[in-house]
Undergrad: 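Have a look at the structure that comes next, please.
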Amino acid sequence: MRPTFETIYMRMAHEFARRSTCKRLQVGTVITSVDFRKVFAVGYNGNASGLPNECDREEPGNCGCLHSEENAVINCDAPRETPKLVFCTHLPCVMCAKRLINLGGVRTVYYAQDYRKRDAIDLFARAGINVSPLQEYRP
């Protein structure tokens with residue numbers, strides 16, 4: 001069966017998540033054009049470049065890793081007005097939702113798995129960004 005572009009990019013997000021060095025949760029993000037023809041940026045969670053590839057702390061939710069969405073936003077050089085789609089292995093946290101809102105041009109955030117908190121859904125709605133779980137995706 002021919003995979004959808006949404007499935008292809010979600011698979012890519014999961015592949016990037018495999019590079020994560022976080023002990024608790026491996027997350028990946030891919031930012032694309034709305035016509036699926038270009039990948040603008042990718043990211044996965046982990047420590048800052050040049051620092052040890054490990055968590056700073058053992059405390060769940062406070063390990064010190066940069067989030068995958070944060071790294072993707074840092075890596076994205078597409079102009080704010082360029083329409084974008086975001087594919088995340090997990091629903092973003094509120095702070096990453098704010099980062100994606102500030103990136104500009106985000107039309108839809110797709111995610112494969114829920115995060116422990118779902119506050120970002122309301123935040124995205126208030127910013128006019130669609131949020132869509134990819135039910136058909138199977139890692």
Side-chain angles (χ1 to χ4, degrees):
M1 178 178 208
R2 187 174 186 208
T4 65
F5 282 111
E6 291 88 348
T7 297
I8 290 168
Y9 286 122
M10 189 58 73
R11 283 182 187 156
M12 185 182 287
H14 275 86
E15 283 299 307
F16 277 103
R18 294 178 56 195
R19 291 197 44 85
S20 170
T21 55
C22 182
K23 293 177 185 175
R24 186 179 69 82
L25 186 66
Q26 289 72 44
V27 181
T29 300
V30 177
I31 301 174
T32 73
S33 61
V34 295
D35 64 2
F36 303 107
R37 292 173 185 244
K38 294 182 181 180
V39 173
F40 294 135
V42 299
Y44 53 90
N45 58 327
N47 215 336
S49 296
L51 296 180
N53 285 326
E54 57 191 30
C55 296
D56 293 337
R57 297 174 288 280
E58 297 289 328
E59 182 184 344
N62 190 25
C63 69
C65 289
L66 293 167
H67 289 195
S68 72
E69 302 92 337
E70 186 172 23
N71 276 323
V73 167
I74 290 167
N75 292 328
C76 188
D77 58 5
R80 287 183 51 78
E81 63 274 5
T82 301
K84 302 167 188 74
L85 301 175
V86 178
F87 297 86
C88 299
T89 58
H90 295 74
L91 178 67
C93 70
V94 168
M95 292 307 294
C96 285
K98 289 179 179 182
R99 290 177 181 102
L100 290 167
I101 291 166
N102 275 357
L103 176 62
V106 175
R107 300 293 190 257
T108 303
V109 174
Y110 295 98
Y111 68 96
Q113 295 172 265
D114 272 323
Y115 183 58
R116 59 189 165 93
K117 295 182 180 178
R118 298 180 47 98
D119 304 355
I121 292 175
D122 179 57
L123 190 60
F124 282 131
R126 290 188 291 158
I129 296 173
N130 296 314
V131 179
S132 181
L134 281 180
Q135 304 287 343
E136 77 276 3
Y137 176 76
R138 302 285 185 265

Undergrad: For A41 versus A72, what's the shortest heavy-atom pair and its separation?
TA: CB-O, 3.3 Å
Undergrad: Would a hydrophobic clustering, with Ile, Leu, Val, Met, Phe, Trp and Tyr connected at side-chain separations under 4.5 Å, put L85 with V39?
TA: yes
Undergrad: For N47, which of T21, N53, D56 qualifies under side chain to side chain donor-acceptor pair (under 3.5 Å)?
TA: D56
Undergrad: Within the supplied structure, the quantity of interest is the number of heavy atoms (other residues, nucleotides, ligands) at a distance under 6.0 Å from R19 CZ; does it exceed 12?
TA: no
Undergrad: Starting from L66, can I reach L51 by hopping between I/L/V/M/F/W/Y residues whose side chains sit under 4.5 Å apart?
TA: no
Undergrad: Under 4.5 Å between side-chain heavy atoms, counting indirect links through other Ile/Leu/Val/Met/Phe/Trp/Tyr residues: same cluster for M12 and L134 or not?
TA: yes
Undergrad: Using only atom types and a distance under 3.5 Å, with no angle test, would you say the side chain of R57 pairs donor to acceptor with the backbone of C55?
TA: no
Undergrad: Hey, what do you get for CD (Q26) to NE2 (H90), rounding to the nearest 0.5 Å?
TA: 8.5 Å
Undergrad: Could you tell me whether the side chain of K117 and the main chain of C93 form a donor-acceptor pair under 3.5 Å?
TA: no
Undergrad: Taking atom OG1 of T89 and atom CZ of R11, what is their separation to the nearest 0.5 Å?
TA: 15.0 Å
Undergrad: Atom CD of E6 and atom OG1 of T32: how far apart are they, to the nearest 0.5 Å?
TA: 9.0 Å
Undergrad: Which pair of non-hydrogen atoms, one from A97 and one from A120, has the smallest distance, and what is that distance?
TA: CB-CB, 3.8 Å
Undergrad: Are the side chains of E69 and C88 in contact, using a 4.5 Å heavy-atom criterion?
TA: yes
Undergrad: Hey, does the side chain of S20 reach the backbone of N45 with a donor-acceptor pair shorter than 3.5 angstrom?
TA: yes
Undergrad: Got a second to check how far T29's OG1 is from Y9's OH, nearest 0.5 Å?
TA: 15.0 Å
Undergrad: More than 12 heavy atoms of other residues, nucleotides or ligands under 6.0 Å from CZ of F16: yes or no?
TA: no
Undergrad: Check whether the side chains of D35 and S33 place a donor and an acceptor atom closer than 3.5 Å, and report yes or no.
TA: yes
Undergrad: Which residues end up grouped with I121 if you chain together Ile, Leu, Val, Met, Phe, Trp and Tyr wherever their side-chain heavy atoms are less than 4.5 Å apart?
TA: L25, V27, I31, F40, V73, V86, L91, V94, L100, I101, L103, V106, V109, Y111, Y115, L123, F124, I129, V131
Undergrad: If I compare all heavy atoms of A112 with all of M10, which pair ends up nearest, and what's the gap?
TA: N-CE, 3.7 Å
Undergrad: Using 0.5 Å steps for rounding, measure from the NE2 atom of H67 to the CE atom of M95.
TA: 9.5 Å
Undergrad: Is it true that atom CZ of R18 has more than 12 heavy atoms of other residues, nucleotides or ligands lying nearer than 6.0 Å?
TA: no
Undergrad: According to side chain to side chain donor-acceptor pair (under 3.5 Å), who are the partners of R37, at least two apart in sequence or on a separate chain?
TA: none
Undergrad: Is the F36 ring parallel, tilted or perpendicular to the F5 ring (thresholds 30°, 60°)?
TA: parallel
Undergrad: Let me confirm one number: the CZ-CG distance from R24 to N62, rounded to the nearest 0.5 Å.
TA: 10.5 Å
Undergrad: Are P92 and R99 close enough that some pair of their side-chain heavy atoms sits under 4.5 Å apart?
TA: no
